[in-house]
Amino acid sequence: MENDMIMMTPRERVRKTLRHEEPDRIPLILGGDGSSTMRVHAHKNLLKYLGSDTETKLMSKFYQIAFVDERILKYFEIDIRPLVGKGPKKSRGMNLDNRTYVNEWGMTLKMPEGGYYYDIIEFPLKNASIEDLDNFLWPDPFDEGLIQGIEDEAKEIYEHTDYAIMGSLSLGQFIFEQSWYLRGMDTLLMNLIINKEFARALFRRVTDIQKTIYGRFLDKVGKYLDIVRVADDLSTRQGLLMSRQLYREMIKPYHKEYFSFIKNKTDANLLLHTCGAVYGLIEDLIDAGMDILNPVQVSAKNMDCSKLKKEFGSRITFCGGVDTQ
């Protein structure tokens, strides 16, 4: 006998899934955050194919990702809508030329010829000492532009649609990743072992800024959210970027502090975007406060869906599982 389950609204469907109960169908996400959307060029091509001249709206200049057009979301019956923090009102970045700019964190980024997003070409804290951190021009977490109009936008989606809402920041949600954006990947990984004092000082600064921005964001919209997003890539396709022991010693304390702070501000489930072969850290990430794992990169080592479901399915929700490579 077929299951005559009553058709749910998108919000009901997502919430039921997050409670680890079976919904009428699997919830769908597209454009709900920076990890589930499309590059600007792809979005423009899709709109052109559909015969639309609608302007593509930019979600992130750095990553060149777009807000997916509402008509596309409705056509594919997408259950989640994004709520993204705004850019700063008093920008401290600058354009160096038509392909190069300096962002709010002081990173110099360049779009290569034929490229689809920007690469970091200068890491502002590459050669910095701990003392230099006091004089560095950090982003202003109290800039009013970061949350301007965000409460009205959240209320509109919540009260006038039945979609689930995913909230995220505009200046990134990273701790480890933002730190290596500033320091350089190779240098920061070495610092984790031979200059731990600097690594901790940098993590402290970045964590405090992210907490301040997210705290102000969630004070405005936390009550409307179903999912709140953070991100930190910690692995390659073959394995972790560091040992589990080193993660526990150097990064997990900041993740745990950051995740706990966010979850004390909202009842929303915390989604962590972390690519690659992250299997060896899933237990620690759950302990740190992760409720949802994204993107579940099934082409990476030890990321078999059935294995992950068996070991962790009763404790976290999986968002993704589509091999985009």
Side-chain angles (χ1 to χ4, degrees), residues 62 85 88 90-94 102-109 119-143 146 168-218 229-236 240-265 270 272-275 278 281 284-285 287-290:
F62 180 1
K90 298 177 181 178
S91 176
R92 293 189 291 183
M94 65 184 79
V102 179
N103 75 356
E104 299 303 315
W105 290 91
M107 300 143 50
T108 303
L109 302 110
D119 295 322
I120 306 170
I121 60 171
E122 290 185 20
F123 305 91
L125 296 177
K126 180 76 172 179
N127 300 308
S129 65
I130 287 184
E131 291 72 27
D132 292 330
L133 297 180
D134 290 331
N135 300 316
F136 184 65
L137 187 61
W138 299 96
D140 179 8
F142 295 101
D143 188 302
L146 297 173
S168 59
L169 295 182
S170 62
L171 290 184
Q173 307 91 39
F174 325 105
I175 302 298
F176 170 71
E177 218 168 324
Q178 185 60 63
S179 296
W180 78 250
Y181 286 176
L182 296 170
R183 186 67 162 168
M185 173 73 86
D186 53 348
T187 304
L188 184 60
L189 287 176
M190 289 188 287
N191 290 162
L192 294 180
I193 297 173
I194 62 175
N195 194 354
K196 295 183 178 185
E197 184 181 6
F198 182 90
R200 289 191 176 105
L202 180 56
F203 292 152
R204 179 74 272 149
R205 295 276 186 161
V206 172
T207 302
D208 288 345
I209 290 172
Q210 304 293 41
K211 282 172 59 181
T212 302
I213 299 172
Y214 236 140
R216 296 178 65 234
F217 177 83
L218 292 172
R229 179 195 190 265
V230 294
D232 243 342
D233 288 334
L234 302 164
S235 57
T236 69
L240 302 175
L241 288 170
M242 67 209 72
S243 69
R244 187 178 185 184
Q245 292 72 26
L246 193 58
Y247 168 78
R248 286 177 168 177
E249 177 189 358
M250 296 299 296
I251 300 173
K252 184 178 177 180
Y254 300 96
H255 274 167
K256 198 162 189 174
E257 175 187 335
Y258 184 39
F259 299 173
S260 296
F261 173 83
I262 290 171
K263 295 177 79 169
N264 283 332
K265 291 276 186 179
L270 188 140
L272 173 64
H273 168 81
T274 185
C275 290
V278 75
L281 292 182
D284 288 285
L285 295 171
D287 180 63
M290 175 184 72

Supply the atom-to-atom distance Asp143 CG to Ile213 CD1, rounded to the nearest 0.5 angstrom.
9.0 Å
Which residues satisfy the side-chain contact (heavy atoms from CB on, under 4.5 Å) test with Lys252, sequence neighbours excluded?
Tyr247, Arg248, Asp284, Asp287
I'd like to check the side-chain hydrogen bond (donor to acceptor under 3.5 Å, both in side chains) partners of Ser260; sequence neighbours left out, ordered by chain and number.
none
Got a second to check how far Phe259's CZ is from Met290's CE, nearest 0.5 Å?
8.5 Å
Which residue pairs pass the salt bridge (charged side-chain N to carboxylate O under 4.0 Å, His left out) test when at least one of the two sits in residues 183-195, sequence neighbours left out?
Lys126-Asp186
I'd like to check the side-chain contact (heavy atoms from CB on, under 4.5 Å) partners of Ser235; sequence neighbours left out, ordered by chain and number.
Leu240, Val278
Restricting to ring-ring contact (aromatic ring centres under 6.0 Å, His included), what partner residues turn up for Phe203, sequence neighbours left out?
Tyr254
Do Arg205 and Asp134 sit within salt-bridge range, that is, some charged N less than 4.0 Å from a carboxylate O?
yes
Approximate separation, where rounding is to 0.5 Å, of Leu182 CG and Ile120 CD1
8.0 Å
Begin from the C-alpha positions of Phe217 and Tyr214 and carry the test ring pair (Phe, Tyr, Trp, His ring centres under 6.0 Å) through to its verdict.
CA-CA 5 Å; Phe217 177 83; Tyr214 236 140; 5.8 Å; yes
Could you grab the distance from atom CG of Leu272 to atom CG of Leu234, nearest 0.5 Å is fine?
7.0 Å
NZ of Lys196 to CE of Met250, rounded to nearest 0.5 Å, is 6.0 Å
With Asp232, which residues qualify under side-chain hydrogen bond (donor to acceptor under 3.5 Å, both in side chains), at least two apart?
His255
